[in-house]
Amino acid sequence: MTTTHDVLIIGGGPAGLSAALALGRARKDVVLCDAGPRRNAAASAMHNFVTRDGTPPQAFRELAREQLAAYPNVSLREASVQAISGGRGDFTVTLKEGTLKVRRVVLCTGMLDEPLALEGAREAWGHSIIQCPYCHGWELKDRPWGYLARPGVEGHLVPFVLQLRGWTREVTVFTNDTVELGPDVRRALESAAVRVVTAPIARLRQRDGQLEQVELRDGATVPCAALFAHPPQRQVEVVALAGVALDDDGFVRVDPMTRETSVPGIYAAGDLTTRMQGAVLAAAAGMHAAAMLNVELTLEHVARGAL
Ligand SMILES: Cc1cc2nc3c(=O)[nH]c(=O)nc-3n(C[C@H](O)[C@H](O)[C@H](O)COP(=O)(O)OP(=O)(O)OC[C@H]3O[C@@H](n4cnc5c(N)ncnc54)[C@H](O)[C@@H]3O)c2cc1C
């Protein structure tokens with residue numbers, strides 16, 4: 001007879017590992033599948049996670065896996081989940097190596113960042129092209145910083161850029177000739193002594209991943225030791241195949257109380273649900289989803305006489 005596991009967690013980043021810990025400790029039969037690149041793969045250290053400030057991301061994952069080994073009811077698999085079918089209480093999950101039956105699914109698959117189409121960006125990504133000042137701002141404080149504007153981010157530009165002034169006096173917004181900044185935006189930036197450069201960018205000059213200058217097509221250069229950029233993100237394929245509803249920004253919609261998606265029995269936690277992306281936030285969301293689904297799963301077990 002095929003075993004039906006209680007919960008499948010897809011994704012072994014902070015969200016998935018945290019959900020696995022909570023459900024493991026709640027005595028549920030859990031399978032966590034992880035395969036593919038992790039979002040912060042390029043970063044040498046993870047910051048702003050209390051007790052883990054400065055830990056290399058891979059070491060963080062290894063420690064979590066080591067601690068999960070104490071729970072024999074949690075199994076960790078290096079496996080890519082390719083499809084999910086069925087419904088609450090009876091999902092069939094397709095892996096490369098076969099299928100699994102599970103009662104609940106938690107999507108913790110993160111987001112994929114589109115690579116920036118600028119010379120020098122690949123080398124500097126995750127080292128000095130960064131997304132979050134709380135994660136890597138301290139290490140680069142008091143140096144010239146830039147913000148790369150792009151269409152679609154205008155609504156978030158002002159508060160994001162103004163906060164950067166807390167780390168450094170020298171902030172430049174590069175529009176790269178792709179975004180028109182309105183007068184209110186310009187006034188707000190000016191009031192905080194933030195410079196705006198509209199000329200198209202020719203390349204990012206970097207050495208061993210450390211940015212030095214932004215070179216403009218007119219030949220001018222602007223010193224820049226950290227460039228903040230939020231390139232478009234997309235969901236991994238299995239999220240689309242699961243049929244869960246997305247919001248207007250492409251994040252998975254979840255009930256704020258239960259973290260259940262639009263598909264009953266499928267929950268989601270971590271970067272794939274929000275623009276507020278950070279390891280500790282993802283871990284908290286993983287715990288939240290786990291605790292919510294554990295209540296109904298426990299009642300289900302009681303109702304069928306399994307507990
Ligand atoms: C360069 C960079 C540096 C960062 N630095 C920091 C920092 O210092 N501090 C901080 O708090 N945050 C940092 N972040 C943000 C942080 O990495 C994310 O918020 C966090 O990793 C999100 O966790 P998650 O569990 O939601 O997703 P992820 O960590 O992205 O994990 C998702 C996992 O799911 C796997 N997966 C996807 N699809 C499948 C599938 N079909 N089957 C099986 N597995 C699958 C992926 O391979 C991945 O391992 C950084 C981000 C970047 C890009």
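Residue numbers run from 1 in the order of the sequence given. These figures come from a predicted structure and were not determined experimentally. Atoms within a ligand are numbered from 1 in the order they appear, just like the ligands themselves. What you see below is based on every heavy atom in this structure, not just the backbone, and it leaves out hydrogens, waters and symmetry mates.
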message: So, applying salt bridge (charged side-chain N to carboxylate O under 4.0 Å, His left out) with Glu260, which one of Arg88, Arg104, Arg253 is it?
response: Arg88
- line: Quick note on ligand 1: atoms under 4.0 Å from a heavy atom of Ser80 include exactly 42 (N), 43 (C)
- prompt: Is Gly270 close to ligand 1, meaning an N/O of one under 3.5 Å from an N/O of the other?
  reply: no
task: Distance to 0.1 Å, residue and atom name: give those for the protein heavy atom nearest to atom 34 (O) of ligand 1.
output: Gly11 CA, 3.1 Å
Co-membership, hydrophobic cluster, residues Trp145 and Trp138, 4.5 Å side-chain: no
message: With a sphere of 6.0 Å drawn around CZ of Arg65, does it hold more than 12 non-hydrogen atoms of other residues, nucleotides or ligands?
response: yes
- line: Taken in chain and number order and not counting sequence neighbours, the residues that satisfy side chain to side chain donor-acceptor pair (under 3.5 Å) with Lys101 are Asp90, Thr92
For ligand 1, the portion of Thr109 having any non-hydrogen atom under 4.0 Å away: both
task: Applying ring pair (Phe, Tyr, Trp, His ring centres under 6.0 Å) between Tyr147 and each of Phe228, Phe174, Phe160, report the one that passes.
output: Phe160
- request: Consider ligand 1: state whether an atom of it lies below 4.0 angstrom from any non-hydrogen atom of Arg61.
  value: yes
- prompt: Any idea which heavy atoms bring Leu148 and Leu118 closest together, and the distance?
  reply: CD2-CD1, 4.1 Å
task: Assess whether salt bridge (charged side-chain N to carboxylate O under 4.0 Å, His left out) is satisfied between Arg217 and Asp177, documenting all intermediate values.
output: CA-CA 11 Å; Arg217 282 214 208 130; Asp177 202 21; over 6 Å; no
message: According to a hydrophobic-cluster definition based on side-chain heavy atoms being under 4.5 Å apart (Ile, Leu, Val, Met, Phe, Trp, Tyr only), do Tyr134 and Val158 belong together?
response: yes
message: Quick one, Ile129 and Gln206 - any side-chain contact, counting heavy atoms below 4.5 Å?
response: no
message: One thing to verify: whether Glu97 and Arg77 come together as a salt bridge, which I'm taking to mean a side-chain N less than 4.0 angstrom from a carboxylate O.
response: no
task: State whether the number of non-hydrogen atoms from other residues, nucleotides or ligands found under 6.0 Å of Glu237 atom CD is greater than 12.
output: no
Atom 42 (N) of ligand 1 [closest protein heavy-atom partner, distance rounded to 0.1 Å]: Val81 N, 2.9 Å
task: Run the numbers for me: atoms of ligand 1, each under 4.0 Å from some heavy atom of Ala43, listed by number.
output: 3 (C)
- prompt: For ligand 1, which atoms have a heavy atom of His136 less than 4.0 angstrom away?
  reply: 3 (C), 4 (C), 5 (N), 6 (C), 7 (C), 8 (O)
- line: In ligand 1, the atoms that come under 4.0 Å of a heavy atom of Cys108 are 32 (C), 33 (C), 34 (O)
task: May I ask you to check whether Gly278 has an N/O atom sitting below 3.5 Å from an N/O atom of ligand 1?
output: yes
Glu237 contact mode with ligand 1 (heavy-atom cut-off under 4.0 Å): neither
task: If you have a sec, work out which protein heavy atom is nearest atom 21 (O) of ligand 1 and how many Å separate them, to one decimal?
output: Pro14 CD, 3.7 Å
query: Just heavy atoms, cut-off under 4.0 Å: does Arg77 contact ligand 1 by side chain, backbone, both, or neither?
result: neither
- prompt: With atoms numbered from 1 as shown, which atoms in ligand 1 lie under 4.0 angstrom from a non-hydrogen atom of Val238?
  reply: 41 (N)
message: Distance under 4.0 Å to a non-hydrogen atom of His47: what atoms of ligand 1 satisfy this?
response: 7 (C), 8 (O), 9 (N), 10 (C), 11 (O)
- prompt: At a non-hydrogen distance cut-off of under 4.0 Å, which region of Gln82 contacts ligand 1 (side chain, backbone, both, or neither)?
  reply: neither
task: Give the residue and atom name of whichever protein heavy atom lies nearest to atom 12 (N) of ligand 1, and the separation in Å to one decimal.
output: Ala279 N, 3.4 Å
task: Kindly write out the residues that satisfy salt bridge (charged side-chain N to carboxylate O under 4.0 Å, His left out) with Arg27, not counting sequence neighbours, or none if the list is empty.
output: none
- prompt: Where is the nearest protein heavy atom to atom 26 (O) of ligand 1: which residue, which atom, and how far?
  reply: Asp271 N, 2.9 Å
query: Does Arg203 pair with Glu123 as a salt bridge, N-O distance under 4.0 Å?
result: no
task: Using a 4.0 Å heavy-atom threshold (strictly under), name the region of Pro57 that reaches ligand 1: side chain, backbone, both or neither.
output: neither
query: By number and element, which atoms of ligand 1 are closer than 4.0 Å to a non-hydrogen atom of Gln131?
result: 1 (C), 2 (C), 52 (C), 53 (C)
query: Quick one: which ligand 1 atoms are inside 4.0 Å of a heavy atom on Ala15?
result: 25 (O), 26 (O)
message: Tell me the contacting part of Ile10 for ligand 1: side chain, backbone, both, or neither, using a 4.0 Å heavy-atom threshold, strictly below.
response: side chain
Under 3.5 Å: N/O of Gly36 near N/O of ligand 1: yes
Which atom of Gly89 lies closest to which atom of Glu300, heavy atoms considered: CA-OE2, 4.4 Å
task: If you have a sec, work out which protein heavy atom is nearest atom 27 (O) of ligand 1 and how many Å separate them, to one decimal?
output: Gly110 CA, 3.5 Å
query: Can you name the nearest heavy-atom pair linking Ala242 to Ile266, along with the distance?
result: CB-CD1, 4.3 Å
- prompt: In terms of residue, atom name and distance, what is the protein heavy atom nearest to atom 36 (N) of ligand 1?
  reply: Ala35 O, 3.5 Å
field: Top protein contact for atom 33 (C) of ligand 1, by heavy-atom distance
entry: Asp34 OD1, 3.6 Å
